[in-house]
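Worksheet: the structure to be examined is printed underneath.
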Amino acid sequence: LGLFGSAMALMVATFQDGPTIFHDGFHKGYNIRVVSVILMNALGGLLCAVMLKYAGATHGCFSTALSIIVTCILSSVLLQDFVPDFLFVLGTATSIVASLVFALGCPSWTPCAKCG
C-alpha cells in the first residue's frame with residue numbers, strides 16, 4: 001500500500017506542479033515545520049502498526065477515542081480554540097468508562113456473561 005500511495009502521490013505532484021518541481025526541486029520550501037509534520041505522520045503510522053500487533057484492534061479503537069479526547073482537551077486548554085459542551089463531556093465520560101470496563105472487566109455486582 002505504501003508503494004501504491006507513493007506512486008500515486010508522485011503522479012499527482014508531477015501533473016499539478018511538474019514544471020515547478022523540475023525547475024526548483026522537490027524539496028523547495030521545506031522547513032522544520034514541514035519535516036516535523038512528515039515525521040509525525042510517519043512515526044504515528046508506525047506506532048499504530050506496533051499497537052495493533054501487540055495490543056489488538058479493540059484496544060486500538062479505545063486508544064483512538066482517548067487520543068481524540070486528549071487532543072480536544074489540549075486544544076481547549078493550550079490553544080483555546082475549542083469550547084467543550086455537554087455532549088463532549090458526556091462522550092468523554094462514556095469513552096473513559098468503556099475503556100476502564102473493558103480493561104478491568106465487569107464489576108462483580110453486574111450480571112454479565114464473563115463474570116459468571
Quick one: does any side-chain atom of Ser95 pair with a main-chain N or O of Gly91 as donor and acceptor, under 3.5 Å?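 Yes, the answer is positive, given that a donor and an acceptor are paired below the 3.5 Å cut-off.
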
CG/Asp17 to CG/Asp24 distance, rounded to the nearest 0.5 angstrom? 10.5 Å

Which pairs count as ring pair (Phe, Tyr, Trp, His ring centres under 6.0 Å) when at least one residue sits in residues 5-29, sequence neighbours excluded?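 Matches after skipping sequence neighbours: His27-Tyr30.
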
Side-chain atoms of residues 33-51: list all donor-acceptor pairs with protein atoms under 3.5 Å, sequence neighbours left out, distances to 0.1 Å.
from	atom 1	to	atom 2	distance (Å)
Ser36	OG	Ile32	O	3.1
Ser36	OG	Arg33	O	2.8
Asn41	ND2	Val37	O	3.4

Working note: Leu10 + Ser6, criterion side chain to side chain contact (heavy atoms under 4.5 Å, CB included); need CA distance, chi angles, decisive distance, verdict. CA-CA 6 Å; Leu10 185 62; Ser6 297; over 6 Å; no

What residues form a side-chain contact (heavy atoms from CB on, under 4.5 Å) with Thr71, not counting sequence neighbours?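 With neighbours one apart ignored, the set is empty.
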
I'd like to know if Val89 and Val83 are part of one continuous hydrophobic network [Ile/Leu/Val/Met/Phe/Trp/Tyr, side-chain heavy atoms within less than 4.5 Å].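 Val83 and Val89: separate clusters.
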
